[in-house]
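This report concerns only the one structure given below.
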Amino acid sequence: MKKFEKLTSTVVPLPIENIDTDQIIPARFLKATTREGFGENLFRDWRFDNNNQPKTDFVLNNPQYSGQILVAGKNFGCGSSREHAAWAIDDYGFKVVISSFFADIFKGNALNNGVLPITVTEEFLEKIFAQVFADPNAQLVVDLEAQTLTIAATGESFEFEINPYKKSCLINGYDDIDFILSHKAEIENFEQTRPFSFYR
Amino acid sequence: MGKTLVEKIWDAHVVKRAEGFPDVLYIDTHLIHEVTSPQAFDGLRKRGLPVLRPDQTVATADHNVPTLNQHLPIKEELSRYQVDMLTKNTKEFGIELYGLGHPYQGIVHVIGPELGITLPGKTMVCGDSHTSTHGAFGAIAFGIGTSQVEQVFATQCLLQSKPKTMKIEVNGQLQKGVGAKDIILYVISKTTAAGGTGYFVEFAGSAIRSLSMEGRMTVCNMSIEMGARGGLIAPDETTFEYIKGREFAPKGEKWDEALAYWKTLYSDQDAQFDAVLTFDAADIQPMITYGTNPGMGIGVSQNIPTTAAQPDSEQPSYQKALDYMGFADGEQVLGKPVDYVFIGSCTNSRIEDLRQVAAFVSGKQKAENVEVWIVPGSKQVEAQAKAEGIDKVFEAAGFQLREPGCSACLGMNEDKIPAGKYCVSTSNRNFEGRQGPNARTMLVSPLTAAAAAITGKVVDVRELI
């Protein structure tokens with residue numbers, strides 16, 4: 001996994017609640033057997049009409065907005081466990097997703113792919129939206145080491161939470177398999193000493 | 001202090017617990033399918049690792065398979081390639097595959113229980129959010145992403161933080177015509193689609209106890225639709241009766257040993273839950289969804305809530321959902337015309353669901369304006385339906401009985417609902433485009449779906465039984 005570096009970027013605002021992973025990447029695009037290329041179908045049915053023409057009212061088609069940070073309404077990433085949603089967000093070029101609430105599985109999938117989900121309060125989310133709608137060039141600064149998210153123009157800062165283990169994975173570019181395999185002897189010991197024989 | 005059921009099972013599977021780290025949790029059974037596994041197998045190859053416990057891994061092809069002419073090669077090239085990859089990967093890594101043509105093939109969450117693979121006290125995972133279904137047996141079962149599929153392949157473990165626990169009690173007697181699907185749609189309409197996030201939910205209470213295993217699976221299946229990692233129900237005689245004698249269930253002395261352990265699997269009297277919700281079964285009507293997330297549900301005779309009644313910040317999303325559905329504030333859903341009826345999915349495609357639908361439609365004809373697809377959950381369900389003559393009832397009613405798969409629940413194969421059309425569906429998600437681009441989904445119970453098929457519109461099934 002790639003290392004997560006300090007990031008300063010403009011943002012793409014998507015103030016919609018309950019964005020499910022079917023919207024992020026519709027099921028008909030899940031037929032690929034590699035992890036690459038999902039970005040072109042990110043938010044496919046919101047981005048393109050039935051004739052594959054860009055819908056001009058959708059934010060990803062609005063040239064005013066670009067950047068490596070996606071900001072969305074609460075309960076982002078609910079629904080299907082498809083990791084393709086995290087791959088699509090990563091492949092499109094987003095490194096950070098900000099919301100006031102994330103669905104569990106999406107959050108884990110994002111972290112496992114070096115995409116940082118940042119949970120902020122409703123108030124701070126509103127501040128970000130207000131700032132970005134007032135000035136599409138507004139920048140946010142994400143400092144994972146310090147666990148801060150800062151609105152560059154105003155200096156307003158939010159301290160976000162992250163599991164310390166996952167934080168070190170992102171900063172160092174480790175993944176969970178390396179960690180679990182370091183406990184292989186304990187896994188084998190667990191298997192041999194557990195009391196029940198009827199589960200295998 | 002006593003332990004909750006979740007804590008009992010979780011703690012029995014912790015390989016390693018260290019301050020500041022998620023637990024290393026041992027996984028008893030890993031179910032896989034064609035869509036979320038290929039990249040995980042690729043990852044193993046890149047690392048030069050085997051599947052650590054192939055005998056604890058079971059594969060089937062379900063998400064992407066056609067539901068007509070399964071004996072012929074899959075027409076759609078990408079789908080065929082993905083299913084072929086599963087065959088190749090499972091062979092290379094030594095995993096049992098119940099693929100197309102196998103008598104055990106079917107939706108992964110239907111075949112696990114019917115084969116006796118799903119057992120109380122187990123930890124089970126699958127690269128599919130509806131893995132929570134297996135919790136109906138008193139197992140910890142939850143959906144995972146593909147990176148985690150690779151973790152379980154490589155280590156038979158997952159790194160997981162212990163979840164918070166919630167108890168949802170539903171007590172009392174259900175009204176006639178109201179079933180398990182209505183219970184869970186009702187609960188989600190109260191909690192919202194995010195109300196269970198971060199929790200593992202234990203369903204309890206007399207109305208839950210009174211459900212069959214099929215009904216309990218329907219309830220646990222949709223735990224994820226309130227955001228919960230999983231849902232489970234303490235095992236009891238109904239559970240043991242269902243499991244006994246199934247293909248891979250323990251037998252003989254092992255059965256006795258298992259049963260003795262399973263009888264210890266309940267939340268202790270003094271166990272503390274992080275949250276408790278209580279509902280009265282008598283308050284539950286046949287339910288239907290009118291929006292684009294499963295929390296947007298109402299009793300079928302109620303009116304669609306108004307946008308003004310929603311919190312300010314949520315009004316734009318709420319209005320967007322109603323616009324998508326073509327519904328107006330305060331409207332009735334009763335009487336809305338229906339174009340398609342889909343009876344299937346890991347929520348409602350088991351033999352009991354098909355029996356219930358058949359009993360209702362026997363001797364009746366579908367309405368002319370409706371196309372009706374019945375997609376059984378597995379080859380075994382399909383065979384059982386045929387053995388009972390249920391296929392003849394459906395044929396006489398003008399329903400299409402198809403072959404097993406996930407089908408129009410997610411529209412990955414060719415079973416898609418056309419743009420703008422209304423589908424009354426027994427599946428689990430009414431998201432925009434879920435059943436096909438711009439398709440409009442209304443989630444209901446099998447009985448309400450059957451009533452829509454016969455009348456061609458949304459009706460209150462209580463008036464027809």
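Just so it is clear: chains get the letters A, B, ... in the order the sequence lines come, proteins before strands, and each one is counted from 1. Any value given below was found using the heavy atoms of this structure, including those in side chains, with hydrogens, waters and symmetry copies removed.
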Give the minimum heavy-atom separation between [X] and [Y], together with the two atoms involved.
X      : Y      : result
A:I105 : B:S129 : CD1-CB, 4.1 Å
B:Q82  : A:L30  : NE2-O, 2.8 Å
B:Q56  : A:E191 : OE1-OE2, 4.3 Å

Item to complete: Assign the ring pair B:W262 / A:F198 to parallel, tilted or perpendicular, where the plane angle (0 to 90°) is split at 30° and 60°.
Response: perpendicular

Practice prompt. Anything under 30° is parallel, anything over 60° is perpendicular, the rest tilted; go ahead and classify B:Y261 against A:Y199.
Written response: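 Plane angle over 60°, so perpendicular.
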
Are there residues of [range] whose heavy atoms fall under 4.5 Å of chain B's heavy atoms? If so, which?
range                       : result
residues 108-130 of chain A : A:N109, A:N112, A:N113
residues 55-74 of chain A   : A:K74
residues 140-177 of chain A : A:N163, A:P164, A:Y165, A:D175, A:D176, A:I177

Answer with side chain, backbone, both or neither: which region of [X] has an atom nearer than 4.5 Å to a non-hydrogen atom of chain A?
X      : result
B:A12  : backbone
B:S161 : side chain
B:L52  : side chain

Item to complete: Supply the atom-to-atom distance B:L86 CG to A:T33 OG1, rounded to the nearest 0.5 angstrom.
Response: 11.5 Å

Item to complete: Under 4.5 Å, counting heavy-atom pairs only, tell me which of B:H13, B:H130, B:K416 racks up the most with chain A.
Response: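 Of the candidates given, the most pairs with chain A belong to B:H13.
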
Practice prompt. Quick one: which of B:Q156, B:E225, B:K320 has the most heavy-atom pairs under 4.5 Å with chain A, could you say?
Written response: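 That would be B:K320.
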
Worksheet item: Hey, are A:W87 and B:Q39 close enough side-chain-wise for a donor-acceptor pair under 3.5 Å?
Response: no

Item to complete: Can you tell me which residue pairs pass the salt bridge (Lys or Arg N to Asp or Glu O under 4.0 Å) test with a partner in residues 23-35 of chain A, sequence neighbours excluded?
Response: A:R28-A:D45, A:K31-B:E76, A:R35-A:E83, A:R35-B:E150

Worksheet item: If you tally heavy-atom pairs under 4.5 Å against chain B, which of A:A86, A:P195, A:S80 wins?
Response: A:S80

